[in-house]
Amino acid sequence: MEALTPEDAAGQENFDRIIAKDSRVEPKDWMPEAYRRSLVRQISQHAHSEIIGMQPEANWITRAPSLKRKSILMAKVQDEAGHGLYLYSAAETLGTTRDEMMDALVAGKARYSSIFNYPTVTWADMGAIGWMVDGAAICNQVPLCRASYGPYGRAMVRVCKEESFHQRQGFEILLELANGTPAQRAMAQDAVNRWYAPSLMMFGPPDDDSPNSKQSMAWNIKRFSNDELRSRFVGMLAEQVKVLGLTLPDDEIRFNEDTKKWEHGPLDWEEFKEVLAGRGPCNAQRLERRRSAHADGAWVREAAAAYAAKQAAKQSSTNAQKAAA
Amino acid sequence: MEALTPEDAAGQENFDRIIAKDSRVEPKDWMPEAYRRSLVRQISQHAHSEIIGMQPEANWITRAPSLKRKSILMAKVQDEAGHGLYLYSAAETLGTTRDEMMDALVAGKARYSSIFNYPTVTWADMGAIGWMVDGAAICNQVPLCRASYGPYGRAMVRVCKEESFHQRQGFEILLELANGTPAQRAMAQDAVNRWYAPSLMMFGPPDDDSPNSKQSMAWNIKRFSNDELRSRFVGMLAEQVKVLGLTLPDDEIRFNEDTKKWEHGPLDWEEFKEVLAGRGPCNAQRLERRRSAHADGAWVREAAAAYAAKQAAKQSSTNAQKAAA
Amino acid sequence: GGDVADYALRLGDDALILAQRLGHWISRAPELEEDVALGNIALDQLGHARSFLTYAGSAWGKSEDELAYFRHEPEFRSAHLFEQPNGDFAATIARQFIAANYQFPLYRELSKSTDPMLAAIAAKAVKEVDYHLDHSTQWVLRLAGGTEESRRRMEAGLALMWPFVGELFEDDPLIAKVGDAGVVPSSLKEEFDRSTGAVLAEAELDVSGHPMATGGGRLGRHSEYLGFILAEMQVLAREFPGAGW
Amino acid sequence: GGDVADYALRLGDDALILAQRLGHWISRAPELEEDVALGNIALDQLGHARSFLTYAGSAWGKSEDELAYFRHEPEFRSAHLFEQPNGDFAATIARQFIAANYQFPLYRELSKSTDPMLAAIAAKAVKEVDYHLDHSTQWVLRLAGGTEESRRRMEAGLALMWPFVGELFEDDPLIAKVGDAGVVPSSLKEEFDRSTGAVLAEAELDVSGHPMATGGGRLGRHSEYLGFILAEMQVLAREFPGAGW
């Protein structure tokens, strides 16, 4: 380890004090490089997940089966674009530009939540994503509202508020289907079956296989372990699925009276790793769609920049004339 | 008029003799420039009509309501591409390349049959186009099999053979619909109503308003006047519509016992001129589709040409080596 | 009664089909801000559509969804402009530019309708369309004055969409029948020419050479695009008849 | 009986969906010769689909049209490859290249099936697929060896389609059940690797880096594309139930 400069030493001391007080680090504060890198990685990954996550739901906008549902779905996907914007902005306060992050995404170098590599094949998936995927996201994200990095925590407050709407809307979709025709009910159950395990795996690998978690917790970014959050989430699903009158595809869910925690059956972590490694059903499609939207839009972004530059030049020449007059 | 060179005079004499005998002019024969120009205009316009004419029918390939109909429709639209190929080849024998003709088409400088500027809005239009539009085309084209220019006449023989299949298939579509549910029957009648007048106008303006016809007839390209062909066509429709159990949207159709010709009610030639002038329902769409297919395919044509050139170069260097050995 | 419903149906179908087209952009826009902006505009149009269709349906005992999901193509009353494909971003902006410059004065005048329901829907809608007008105007200026490519594309986009301007301002017997409950389309043309003309002049764009296409949407004669739009929009309703969602 | 029908259904659905995709090219191809060529291939595939579906349906008392037009998405058995969008011409050629190199040995082996009907359909189909194989091979060579742009696009097309190779050669319980009436997919993989490998080597193209996607089509778990394909294909049948055509 290199010796710290006096400035760095003072910065580190201040940083440590903030963390110890469980207070907030702000963009202008000194922070360890590893903390900065870790945050940029986590926030941009989260932002990318919002952007890629638009695709599986946007897939049903034109086919939503009622105008009310279409309106809710459009608003939801649009909210995700908004979340992406907040989060990229938060990451930018750490010195990485949105363009850099976007380039990493379309080059296939950046990660996003693996759950979005599964396809949405029926309308019921709009329900299951809302209820289960957004539900898992909320369990993950509510503690992040208290993340030690200020801009991230504040972005998460806005995100979480909207996510809880989304979850309720997803639940309503499933409830409607579960109380509908036999075909609709079957569609709802099938969606719950397909999204159950992937949504549990959204919390990341089991604690004993999650090397980065400990440091994140020490920095007050992460507040609870993967397994702890997963257990809470399973408990929530187990309760709510009764209201739906559907079942979860897991016989081993139970509340352990000793540990006071919910437990679930084994998960196929091999599949998780396969999908993470790019071998899921939709990895290629998701990246290609983002890449082509980005490439197809390049001329628009260039045009907007060129126009803005011309307007600025015109403005400054007008100002110069006024000053000269 | 300029004085003819001795060669031209001999050529003209030979040409006149061929026309007088109602024999065939071949590519290597001398021919008057006006004859050549007139033929290139007519043949390329016909070729363009086949190409643009693919669009209104291709519009229903993915939606054809039975696999048998889908197969017939695909084959038909593919035949039209084939007709385009024969006809462009015939025109090329007159010294104009396919590229030149295609460029004129996508630049909006070349004409195609105005009938293809109407939309195909229901499946019944596949029937009406086959029965009426192809029917009119056949009335027009059968005499062209005897056109004085050999390659054109021979191309038309092949085209006419296939067109008569197409017409029968169109009739069968309408027959099936006319004998189907009330909604299908209404769909068939609506299509007949919409395509009736445009198909009659396919023969071109009334004889007293058709300045080029006379010269074409003198050259043995055209054999019958517009009105003559239109009258035959109306007679055919009037007979066949009874088999369909549908009606034509024209109360004035009758067989005139004095002239021994079929007559029909007035046609809206203003609409015809509007569509011809580019103000029909689909003019912009048809041209844009052709333009974009042509532009999107440019890199493929370039690649094929570049590859062929490389292969040829490789071949000739191999030959040179063999010769040197 | 029936006539006003027929009139509301036109306005509703225009907005519904436009919303359907715009909805396709969400997750495909040139930048995130435009995913949000086009999403907003789509949501506004969908909202207007729902209001107009609900009102129209009330005359016939039909819900907005019965009208949206169970009519056949010839029963739709949208104008061809709204059915045109998105094309590239410039084509979409051209369509938006025409649509907003048509809907803004239309809704402003309709907010004075003798039919209180139409007046109320229009009064709310005009405020939202004001933003659509601004959004499309800014983009027309940006694309025309941006790069060579963007200018070329903006011109091409206008060439694709301008033929469908004519149909928007055509009067027909229904317009006479609804009288002061509706707005006479032709009465809006001068303002449309003026408002679009000012922007086009600033952008140095010329649309005078584009021929007008024949319309027919108000009579149920649509472009070849509508069938595909409806096939997608109505697929679940048709596949699962009798289901609620 | 039922198992062979299930097996025939897979082959029929692959060919049907591919025909549907290819049909979209007709009138949009890069040159007229390709409108004709892609149309031919689409017609062949549609013909094979009709034979397989008619045979499958005979076991269940269903017609080819009942199978094509009235099944829901999870009842289709097509592999993901065939559902992939056309993309540009290079992507379509990449899909064709994989499809033909899969179908050719498959049909050749199937022509020796103990099921006489499958054997007869396959014996006819293999001759047509021989042409598809040649067509796609020639185009892979041309595009790879043409211009810089065509090479870049050919590489991109292969990158898009290659992930769907894996699913084609997966065995499952149905394959064991049909026994010698069918062909074991995994037994064809070596020949596929060899035949595609030879062409790719000549074209100096490398596909080794493309990860395989998860399939699921044989179980009714499809790509997000199939829903749109079916919405369009089935629209009339769904809109006019009970009608004959």
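Only this structure's heavy atoms are used, side chains among them; waters, hydrogens and symmetry mates stay out.
With a 4.5 Å cut-off on non-hydrogen atoms, D:V235 touches chain B through its side chain but not through its backbone. Neither the backbone nor the side chain of B:I52 comes within contact range of chain D; no heavy atom of the residue lies under 4.5 Å from a heavy atom of that chain. Looking at B:L67, both its backbone and its side chain come within 4.5 Å of chain D, counting heavy atoms on both sides. Contact annotation for D:F89: both backbone and side-chain heavy atoms come within less than 4.5 Å of a heavy atom of chain B. Within the 4.5 angstrom heavy-atom criterion, only side-chain atoms of D:L46, from C-beta onward, approach chain B. D:A243 touches chain B through backbone and side chain together, each having a heavy atom under 4.5 Å away. Proximity to chain B (any heavy atom under 4.5 Å) is restricted, for D:L16, to the side chain, taken from C-beta onward. Proximity to chain B is absent for every atom of D:A49, based on heavy atoms less than 4.5 angstrom apart. When heavy atoms are compared at a cutoff of 4.5 Å, D:L141 approaches chain B by way of both its backbone and its side chain. For B:M126, no part lies near chain D; criterion is any non-hydrogen pair under 4.5 Å.
Note on B:P65, B:A81, B:A306, B:A308: by heavy-atom pairs under 4.5 Å with chain D, the leading option is B:P65. In terms of non-hydrogen atom pairs under 4.5 Å with chain D, the most contact-rich of B:G84, B:A75, B:A183 is B:A75. For the options D:A68, D:A144, D:G244, D:A237, heavy-atom pairs under 4.5 Å to chain B are most numerous at D:G244.
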Kindly provide each donor-acceptor pair between chain B and chain D shorter than 3.5 Å, listing atom names and distance.
unit_1: B:T62; atom_1: O; unit_2: D:Q20; atom_2: NE2; d: 2.6
unit_1: B:T62; atom_1: OG1; unit_2: D:E232; atom_2: OE2; d: 2.4
unit_1: B:A64; atom_1: O; unit_2: D:Y69; atom_2: OH; d: 2.6
unit_1: B:S66; atom_1: N; unit_2: D:Y69; atom_2: OH; d: 3.2
unit_1: B:S66; atom_1: O; unit_2: D:Y69; atom_2: OH; d: 3.4
unit_1: B:L67; atom_1: N; unit_2: D:D65; atom_2: OD1; d: 2.9
unit_1: B:R69; atom_1: NE; unit_2: D:W245; atom_2: O; d: 2.7
unit_1: B:R69; atom_1: NH2; unit_2: D:W245; atom_2: O; d: 3.4
unit_1: B:K70; atom_1: NZ; unit_2: D:Q20; atom_2: OE1; d: 2.7
unit_1: B:Q78; atom_1: NE2; unit_2: D:V36; atom_2: O; d: 2.7
unit_1: B:Q78; atom_1: NE2; unit_2: D:N40; atom_2: OD1; d: 3.1
unit_1: B:R98; atom_1: NH1; unit_2: D:E33; atom_2: OE1; d: 3.2
unit_1: B:R98; atom_1: NH2; unit_2: D:E33; atom_2: OE1; d: 3.4
unit_1: B:R98; atom_1: NH2; unit_2: D:E33; atom_2: OE2; d: 2.4
unit_1: B:Q184; atom_1: NE2; unit_2: D:G244; atom_2: O; d: 2.6
unit_1: B:R289; atom_1: NH2; unit_2: D:S27; atom_2: OG; d: 2.5
unit_1: B:R290; atom_1: NH2; unit_2: D:S27; atom_2: O; d: 3.4
unit_1: B:R301; atom_1: NH1; unit_2: D:P30; atom_2: O; d: 2.7
unit_1: B:K310; atom_1: NZ; unit_2: D:G145; atom_2: O; d: 2.8
unit_1: B:K310; atom_1: NZ; unit_2: D:G146; atom_2: O; d: 2.8

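B:A58 approaches D:I26 most closely through the heavy-atom pair CB-O, 3.6 Å.
Within 6.0 Å of CZ in B:F165 there are 12 or fewer heavy atoms belonging to other residues, nucleotides or ligands.
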